[in-house]
Amino acid sequence: MKKTFLIIAFLAVSTVLLTSVFYEMYWLFLIIVCICIIIPITFVKSAIPYLFAFFFPLSQMIPLGDKSSKLALYPEYVLIPLVSQFIFFFFYYQSNKKNSVAIILLPLIIFLLIAFFSLLLSGLNLGFEKIFQGIGAWIMFTVSFMSLFVFVYLFEKKNLQNLVFLFLLSSFTISIVGIIEYIFLHNTVTEGNSYRISSLFGSFLRSERQGNPNVLGTFLTVSILLSISVRQLYYGIKKNILLSGAFINLFALFLTSSRSGLVALVIGIIYIGSVLERRLLFVIPAIFLFSVGTFILNPRWLDRLTSIWIVLSDSSVFKYFTSINLRHLDWNYVNYFGLGGYSVDVVSGASRLAAWLVGVETFLRFPFLGVGLRMNYFYSGFETAENFFLDILVMTGILGFICFIWFFYKIRFIIKDILRRTTDKFSRNYTYAYISMMIVFVVVSLTGSVFFNFKLMMMLSFLTSLLWHVHKHTIQETE
């Protein structure tokens with residue numbers, strides 16, 4: 001059996017290598033060669049999991065065409081599937097981990113099948129040439145879910161604290177690059193105060209090759225909450241790095257001008273403070289004082305915050321933006337001149353109201369299987385419903401949404417079991433940090449669809465795999 005697997009793997013790798021050379025995709029050839037060199041080391045060197053933990057937030061998109069092409073992918077799109085095949089061939093079918101991992105992955109696998117079928121139906125309805133972006137989104141979900149499987153098998157409980165530290169160290173690196181980017185690299189003449197940092201984060205199929213500031217803001221929010229939750233478990237220089245890094249991440253978060261990120265951070269700190277350390281609640285006033293200091297460096301931040309109050313308190317905003325067609329806005333124009341007397345930040349917030357209403361209407365038209373991943377535009381005129389949960393309903397229907405919620409229900413069971421059993425401080429603190437990450441996930445998903453970003457889905461898989469190991473270790477200790 002093993003020989004058969006080796007032959008299949010060899011033929012598959014050889015085919016990809018020959019194809020990449022034939023089409024002059026030499027970057028792909030080099031990636032495959034490097035992977036073939038690394039894989040034999042993967043299962044004998046504990047350094048490989050550490051490399052995963054540090055480098056996956058830093059990896060960048062590789063364009064598959066000229067600079068104007070919208071097609072690009074991350075190295076993980078090749079690396080994760082290949083590594084997962086080797087794990088499955090040589091470890092999965094004989095490992096005692098397989099049952100519990102399968103329990104977690106089952107809802108996600110069913111979700112992918114439903115998403116693929118709904119995308120197929122959209123292809124039949126619209127023409128298969130129009131579902132290209134949907135296929136990209138489906139591949140993104142598939143690879144990120146597959147990474148959960150990979151992380152579970154590569155990581156071990158004894159390495160978890162080091163993996164968390166390296167992940168946070170990677171986030172500090174991203175923040176430092178983002179701050180340098182803001183202070184020294186952006187063009188103040190052409191971009192002015194509207195500039196928001198995105199640093200090393202990128203989004204799949206984005207033609208401008210630039211990340212989404214709200215995506216980076218979400219990543220930094222999670223990193224800050226994780227830092228303050230586990231900081232007491234480290235000593236010496238590591239503890240100092242975590243504390244200073246959390247401050248750097250907070251500064252970078254303000255430079256992203258992410259409103260949902262700041263709201264999620266405050267709610268997350270309130271939760272962490274209530275279950276771990278009440279003195280952390282004093283961090284909240286400090287955050288607002290710190291935000292005042294950033295107004296000098298980033299005047300846009302004040303406009304972003306005041307726009308929240310305007311959208312929520314002024315009923316005329318709702319009436320105006322639900323009475324006009326927002327489907328084809330020229331955001332370059334709105335960025336400079338506003339719309340209807342309102343600033344770009346008010347327009348951005350209010351346009352979400354229209355997107356939500358249209359999203360609900362679209363879901364009611366296709367309630368069971370949805371319209372297909374990233375197919376909203378062809379049915380509603382909006383790219384997304386500006387609400388991740390509503391987008392899952394619109395794109396995969398009630399069936400896909402049930403599977404998605406089913407996955408988090410299983411995670412809820414794992415969390416409850418850990419907190420009921422554990423006496424280990426790291427396990428307890430990390431579990432509470434994971435809950436705060438779920439709070440961030442819910443808050444930012446209510447006002448946007450940033451979790452369609454591959455990096456954030458990878459982060460979710462990475463942190464969930466660590467939770468799986470914490471649960472496994474807790475069960476072993478108490479049985």
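Numbering starts at 1 and runs along the sequence shown. Computed from a prediction, not measured in an experiment: that's the story for all the values here.
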### Task
Could you point out which residue of D391, N387, N214 forms a side chain to side chain donor-acceptor pair (under 3.5 Å) with S449?
D391
Does any N or O in the side chain of [X] come within less than 3.5 Å of the main-chain N or O of [Y], such that one atom is a donor and the other an acceptor?
{"X": "R428", "Y": "K425", "value": "no"}
{"X": "S170", "Y": "L166", "value": "no"}
{"X": "T221", "Y": "G261", "value": "yes"}
{"X": "N429", "Y": "S229", "value": "yes"}
{"X": "T422", "Y": "L419", "value": "no"}
{"X": "S461", "Y": "M457", "value": "yes"}
{"X": "H469", "Y": "V152", "value": "yes"}

### Query
How about S171 and N249: does a side-chain donor come under 3.5 Å of a side-chain acceptor?
yes
### Query
Do the rings of Y430 and F426 sit parallel, tilted or perpendicular, given the 30° and 60° boundaries?
parallel
### Task
Measure the acute angle between the ring planes of F165 and Y234, then classify it against the limits of 30° and 60° as parallel, tilted or perpendicular.
tilted
### Task
Answer with yes or no after comparing the ring centroid distance for F404 and F388 against a 6.0 Å cut-off, counting only values under it.
yes
Can you name the closest pair of heavy atoms from [X] and [Y] and give their distance?
{"X": "G268", "Y": "L225", "value": "C-CD2, 3.6 Å"}
{"X": "S258", "Y": "P213", "value": "CB-O, 4.5 Å"}
{"X": "F172", "Y": "I248", "value": "O-CG2, 4.4 Å"}
{"X": "L253", "Y": "G217", "value": "CD1-O, 3.5 Å"}
{"X": "R231", "Y": "L243", "value": "CD-CD2, 3.5 Å"}

### Query
More than 12 heavy atoms of other residues, nucleotides or ligands under 6.0 Å from CZ of R278: is that the case?
no
### Query
How would you list, by chain and number, every residue that makes a side-chain contact (heavy atoms from CB on, under 4.5 Å) with V263, sequence neighbours excluded?
I267, V443
### Message
Against V394, only a single residue in T384, V360, T362, V358 fulfils side chain to side chain contact (heavy atoms under 4.5 Å, CB included); can you say which?
### Response
T362
### Query
Can you tell which of L265, T256, V450, N453 makes a side chain to side chain contact (heavy atoms under 4.5 Å, CB included) with T218?
V450
### Task
Starting from the C-alpha separation in whole Å, work towards a yes-or-no answer on ring pair (Phe, Tyr, Trp, His ring centres under 6.0 Å) for F167 and F219.
CA-CA 11 Å; F167 171 76; F219 173 77; 5.7 Å; yes
### Query
So which of F408, F116, F141, F407 actually passes ring pair (Phe, Tyr, Trp, His ring centres under 6.0 Å) with F111?
F141
### Any residue meeting salt bridge (charged side-chain N to carboxylate O under 4.0 Å, His left out) with R279, in chain and number order, not counting sequence neighbours
E277
### Query
Any side-chain heavy-atom pair from S175 and F251 closer than 4.5 angstrom?
no
### Task
Would you please name every residue forming a ring pair (Phe, Tyr, Trp, His ring centres under 6.0 Å) with F389, sequence neighbours left out?
F441
